[in-house]
**Q** 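The structure under discussion is supplied below as structure tokens; questions concerning it will follow.
Just so it is clear, the model here is predicted, and its values are computed rather than measured. Values reported hereafter were calculated over all heavy atoms of this structure, with side chains retained and with hydrogens, waters and symmetry mates removed.
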Amino acid sequence: MNYTSPAASLLETIQWFVFMLANAVALPIVIGSIYQLDYIETAGLIQRTFFTVGIASMLQGLFGHRLPIMEIPAGIWVSVFTVMAMTGAETGGSYTGTLQALEMTMLMTGGFLFLFGAFKVAQKILPIFTPLVTGAFFLFLTVQLSGTLLKGMLGIQDGSGTIQGTTAVIAFLTFFIVLGLSTFARGWLSSYAVFIGIVIGWVIHRLILGGQTAETEMPLFSLPELFAFGAPTLDWSLVPMAFITAVISISNIVASITAVKQTLGEGKENQGLQVDKGTMFSGLNTMMAGSMATVANVPGATSAGFIAITGQKRKNPFIYAAVLLLFTAFFPPVTRVISSIPSSVANAALMATFVQLVGIAINNFTLEPLDSRKITIVGIAYLFGMGTMFLPAEVFSAMPALVQNLMSNGLLVGTALVIAMEQLWRPKN
């Protein structure tokens with residue numbers, strides 16, 4: 001039995017905690033910008049995100065799939081939030097009304113996921129998620145979110161298109177510190193690369209550019225607010241969207257579990273059961289996100305990149321970090337300090353872990369020989385999935401809302417194409 005010193009466990013817990021913060025802070029800031037939330041509203045969104053990420057990660061680690069996989073604001077949901085903001089604006093709706101519809105959409109999606117897991121539907125459709133599908137999912141996910149992360153690193157906000165030079169230099173310095181330490185350093189320097197990179201980037205950013213604080217009084221202790229954007233509203237056109245998002249979310253769950261088990265050196269034992277339980281608890285977590293008016297979480301594939309880049313494979317520090325993040329959400333002054341981590345620095349640290357995700361995608365593609373059939377499937381899905389990401393949202397404005405929400409999402413389009421072609425075009429043998 002390997003002995004780990006309390007000091008090492010503490011450092012591992014802190015690094016998991018900082019990594020969770022980096023994942024939890026970045027995307028709510030993006031959503032706050034898209035929906036034009038003010039400082040107080042954005043701070044509340046971050047507080048609720050900390051709460052849901054902490055409790056969701058803890059529940060999954062203890063009772064769900066039971067792996068050290070952080071629950072993160074889902075890339076697929078960021079896409080849904082972004083697309084619905086655009087379509088809502090084009091149809092004359094308000095941002096508040098769109099957010100209330102999104103609350104209901106997450107509640108419905110969570111319900112579908114819970115049923116898929118409880119009735120073992122997720123396990124039964126597990127054969128659909130072949131290495132080709134999981135590899136494609138990782139590829140589309142990294143491409144879709146890398147654009148958002150790169151904009152954050154460059155300091156581009158609100159579509160201004162202006163690169164903030166100093167911010168960008170600090171962000172790229174953070175990126176190369178994390179990547180360099182994890183690749184070339186040895187011992188503790190390699191193990192705590194993410195933590196070291198974020199701290200150095202944060203300090204340099206503070207010294208050169210100063211901090212951004214708002215003169216707003218906050219209570220020492222407060223509970224996260226339920227339905228902060230108002231009571232959820234039902235739009236029947238979003239029911240199919242919720243169902244399809246639930247199905248695609250299963251591919252995210254399968255891909256994350258597969259990637260982390262590969263990184264931990266585990267086989268496929270009990271994977272079906274882990275997928276069912278992980279799906280069921282993802283349903284509960286998604287419904288919780290809807291009621292807490294925040295971005296729904298999914299098991300984060302970035303956890304595999306974190307484990308690979310740091311070598312931290314123990315689950316206990318992960319659970320401790322999740323509990324710490326959960327309690328942090330009850331203290332707004334602490335949340336305000338933590339949320340002052342520059343989004344450019346947080347994005348840079350996340351981008352460094354994406355290097356490992358790209359490697360996992362390539363590894364999944366090559367688990368089986370790549371014949372002409374598989375290359376054609378990936379090629380078609382790549383062209384149309386990636387191409388969709390670069391189409392302006394207004395090209396779908398004449399279509400029904402459901403079609404707009406689906407066709408504007410390159411991650412959904414690409415992953416769905418791979419699944420469909422894999423099932424329709426069977427190998428000859």
**Q** Restricting to non-hydrogen atoms, name the atom on V178 and the atom on A352 that form the minimum distance, rounded to 0.1 Å.
**A** CG1-CB, 3.6 Å

**Q** For the residue pair P224 and F330, establish whether any side-chain heavy-atom pair is separated by less than 4.5 Å.
**A** yes

**Q** Can a donor-acceptor pair be found between the side chains of E103 and S291 at a distance below 3.5 Å?
**A** no

**Q** Using side-chain heavy atoms (C-beta onward) and a distance below 4.5 Å, is L21 in contact with F50?
**A** yes

**Q** Identify the two heavy atoms, one from G64 and one from F281, that lie closest to each other, and give their separation to 0.1 Å.
**A** CA-CD1, 3.6 Å

**Q** Can you find a heavy atom in the side chain of T310 that is under 4.5 Å from one in the side chain of Q15?
**A** yes

**Q** If we ignore hydrogens and angles and just use 3.5 Å, is the side chain of T415 paired with the main-chain N or O of L412 as donor and acceptor?
**A** no

**Q** Determine whether S249 and L113 make a side-chain contact, defined as any pair of heavy atoms from C-beta on separated by less than 4.5 Å.
**A** yes

**Q** May I ask you to check whether over 12 heavy atoms, not counting those of K315, lie within 6.0 Å of atom NZ?
**A** yes

**Q** With a distance cut-off below 6.0 Å to the six-membered ring centre and an angular limit of 45° from the axis, does R48 pair with F229 as a cation-pi contact?
**A** yes

**Q** Is there a side-chain contact between E266 and L67 (heavy atoms, below 4.5 Å)?
**A** yes

**Q** Per the side chain to side chain contact (heavy atoms under 4.5 Å, CB included) rule, which among M20, M58, Q312 passes with F318?
**A** M20

**Q** Side chains of M386 and V143, heavy atoms from C-beta outward: is any pair under 4.5 Å?
**A** yes

**Q** So with a 6.0 Å cut-off around CZ of F390, is the heavy-atom count from everything else above 12?
**A** no

**Q** Between the main-chain N or O of A329 and the side-chain N or O of Q47, is there a donor-acceptor pair closer than 3.5 Å?
**A** yes

**Q** Step by step, work out the side-chain contact (heavy atoms from CB on, under 4.5 Å) result for M104 and T233.
**A** CA-CA 6 Å; M104 178 59 75; T233 57; 5.8 Å; no

**Q** Given 3.5 Å as the limit, does a donor-acceptor pair link the side chain of D276 with the main chain of Q123, or not?
**A** yes

**Q** Where the side chain of S182 meets the backbone of L179, is there a donor-acceptor pair that is under 3.5 Å apart?
**A** yes

**Q** More than 12 heavy atoms of other residues, nucleotides or ligands under 6.0 Å from CZ of F384: yes or no?
**A** no

**Q** Carefully, step by step, assess V260 and I307 under the rule side-chain contact (heavy atoms from CB on, under 4.5 Å).
**A** CA-CA 8 Å; V260 169; I307 294 170; 4.1 Å; yes

**Q** Quick check: does any side chain N or O of N363 sit under 3.5 Å from a backbone N or O of G359, one acting as donor and the other as acceptor?
**A** no

**Q** State plainly whether the residues E422 and R373 are in salt-bridge range, i.e. N to O under 4.0 Å.
**A** yes

**Q** Step by step, would you call S282 with Q60 a side-chain hydrogen bond (donor to acceptor under 3.5 Å, both in side chains)?
**A** CA-CA 8 Å; S282 280; Q60 284 280 28; 3.2 Å; yes

**Q** Closest approach of L325 and V53, non-hydrogen atoms and distance?
**A** CD2-CG1, 3.6 Å

**Q** Is there a donor-acceptor contact under 3.5 Å linking the side chains of T167 and S344?
**A** no

**Q** With rounding to the nearest 0.5 Å, note down the distance linking CD1 in I253 to CD1 in I69.
**A** 10.0 Å

**Q** With no hydrogens and no angle check, is any side-chain donor or acceptor of N252 less than 3.5 Å from a backbone partner on V298?
**A** no

**Q** Starting at CD1 of I309, measure out to OG1 of T302 and round the result to the nearest 0.5 Å.
**A** 11.0 Å

**Q** Would you sort out whether T174 and I200 count as a side-chain contact (heavy atoms from CB on, under 4.5 Å), showing the intermediate values?
**A** CA-CA 7 Å; T174 303; I200 292 177; over 6 Å; no

**Q** F81 vs Y35 aromatic rings, parallel, tilted or perpendicular, using cut-offs 30° and 60°?
**A** perpendicular

**Q** Under a 3.5 Å distance rule, please check whether S57 uses its side chain to pair with a backbone N or O of G54 as donor and acceptor.
**A** no

**Q** Side-chain contact, heavy-atom cut-off 4.5 Å: T166 with L209?
**A** yes

**Q** Looking at the rings of F243 and F116, which for Trp means the six-membered one, are their centres under 6.0 Å apart?
**A** yes

**Q** Before giving the answer on side-chain hydrogen bond (donor to acceptor under 3.5 Å, both in side chains), spell out for T294 and T49 the whole-Å C-alpha distance, their side-chain angles and the decisive distance to 0.1 Å.
**A** CA-CA 6 Å; T294 185; T49 302; 2.8 Å; yes

**Q** Using every non-hydrogen atom in the two residues, find where R314 and S9 come nearest and quote the distance to one decimal.
**A** NH2-OG, 2.8 Å

**Q** Between the side chain of R206 and the main-chain N/O of W202, is any donor-acceptor distance below 3.5 Å?
**A** no

**Q** Rounded to the nearest 0.5 Å, what separates atom CD1 in I31 from atom CD1 in I46?
**A** 12.0 Å

**Q** For F17 versus A321, what's the shortest heavy-atom pair and its separation?
**A** N-CB, 3.6 Å

**Q** When rounded to the nearest 0.5 angstrom, what distance separates CE in M153 from OG in S146?
**A** 11.0 Å

**Q** Could you report the tightest heavy-atom contact between L139 and Y382, atom names first, then the distance?
**A** CD2-CD1, 3.8 Å

**Q** Under 3.5 Å, side chain of D371 to main-chain N/O of K374, donor-acceptor pair present?
**A** yes

**Q** Do W16 and Y320 have ring centroids that are under 6.0 Å from one another?
**A** no

**Q** Quick one, L284 with L59, criterion side-chain contact (heavy atoms from CB on, under 4.5 Å). Give me CA distance, side-chain angles, the key distance, then yes/no.
**A** CA-CA 10 Å; L284 294 173; L59 289 174; 6.0 Å; no

**Q** Going from OG1 on T105 to CH2 on W77, what distance comes out if it is rounded to the nearest 0.5 angstrom?
**A** 6.0 Å

**Q** Roughly how far, to the nearest 0.5 Å, is the CG atom of L149 from the OG1 atom of T142?
**A** 10.0 Å

**Q** Given K261, which of H65, Q271, Q274 fulfils the side chain to side chain donor-acceptor pair (under 3.5 Å) condition?
**A** Q274

**Q** Does a side-chain heavy-atom distance below 4.5 Å link K277 with F63?
**A** no

